[in-house]
*Asks:* 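Quick one: the structure is below, questions incoming.
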Amino acid sequence: MAKKYWLFKSEPNAFSIDDLQNRPGTKTHWDGVRNYQARNFIRDDMRKGDGVLFYHSNADPLAVVGYCEIVKEAYPDHTQFDPDNKHFDPTALQKEPRWFMVDIKLKEKFKHPVTLKAIKENPILKDFRLIQRGNRLSVFPVNKKEWDEILKMGR
DNA sequence: GCCAACGTTGGC
DNA sequence: GCCAACGTTGGC
C-alpha cells in the first residue's frame, strides 16, 4: 500500500515538538483523541511508515514544526480507562475499546517552522485542510503534493 | 477575551 | 428524527 500522510495538532503547552524530541527514542504514543472521525483515521487508515506533520495550535507561532513517522499502528488508548485521566471515558468497555492511538517517532524538526500565515499565502496549499473553514479535526489526511510542499518550506 | 464552527447530548 | 442547549476547538 502506498505511503500516506497525516497532520497531527498539538498545543505546545500540553505537548510540544521539543517534548517529543526529549522522549526516549524520540517516540511517543498519541493518546487523547476523542473525536470519531479522527478515531476512524487512526484505527482504520494509518499504517506503519506513514508520514505525520506536527502542528502547534494555540501557540506562537502557529506552525508546522516538523515531521514524524508512524512506528506502531492502532492499539487501544489506555487513558480511556483511567478515571484520573483528563480523557477518561466512563462508558468505554475494556473488551470493546472505543478510542485508539498510534505511536510516532520524530524524523526531523524543521529549521524553518512553516507558519499558518505562510501556508495561507502559498497558492499550492490553497486547498490544504488545515486552512479550510471551520476545520477543528486534530488529526486528518494530507496529500502528497501538500506534504512535499510543506517539507520543502520547512527544511 | 471573543466568537464562529462544529460535535455531542438529551428531551420530545 | 429533530433541534435547542451546551461544550470544545482554535484563530484572532
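Computed over heavy atoms, backbone and side chain alike; hydrogens, waters and symmetry mates excluded. Lettering of chains follows the sequences in order, A, B, ..., and the numbering in each one begins at 1. Because the structure is a prediction, the values reported are computed rather than measured.
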*Asks:* Do A:Gln80 side-chain atoms and A:Arg98 backbone N/O form a donor-acceptor pair below 3.5 Å?
*Replies:* yes

*Asks:* Does any pair with a residue in residues 72-98 of chain A pass ring-ring contact (aromatic ring centres under 6.0 Å, His included), and if so which ones, sequence neighbours excluded?
*Replies:*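 Qualifying pairs: A:His29-A:His78.
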
*Asks:* Salt bridge or not for A:Lys3 and A:Asp50, using N-O below 4.0 Å?
*Replies:*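 Answer for the salt bridge query: no.
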
*Asks:* List every contact pair, protein side and nucleotides 8-12 of chain C side both N or O, where the distance is under 3.5 Å.
*Replies:*
from	atom 1	to	atom 2	distance (Å)
C:dT8	O2	A:Arg136	NH1	2.4
C:dG10	OP1	A:Lys9	NZ	2.8
C:dG10	OP1	A:Arg136	O	3.1
C:dG11	OP1	A:Tyr55	OH	2.8
C:dG11	OP2	A:Asn58	N	3.1
C:dC12	OP1	A:Lys120	NZ	2.4

*Asks:* Hey, does A:Leu7 have a side-chain heavy atom less than 4.5 Å from the side chain of A:Phe140?
*Replies:* yes

*Asks:* Please work out which residues in residues 33-41 of chain A have a non-hydrogen atom less than 4.0 Å from an atom of DNA chain C and list them by number.
*Replies:* none

*Asks:* Output the distance between atom OG1 (A:Thr28) and atom CD (A:Gln21), rounded to the nearest 0.5 Å.
*Replies:* 13.5 Å

*Asks:* Any salt bridge between A:Asp77 and A:Arg34, counting N to O under 4.0 Å?
*Replies:* yes

*Asks:* Does the separation of the ring centres of A:Tyr67 and A:Trp6 fall below 6.0 angstrom?
*Replies:* no

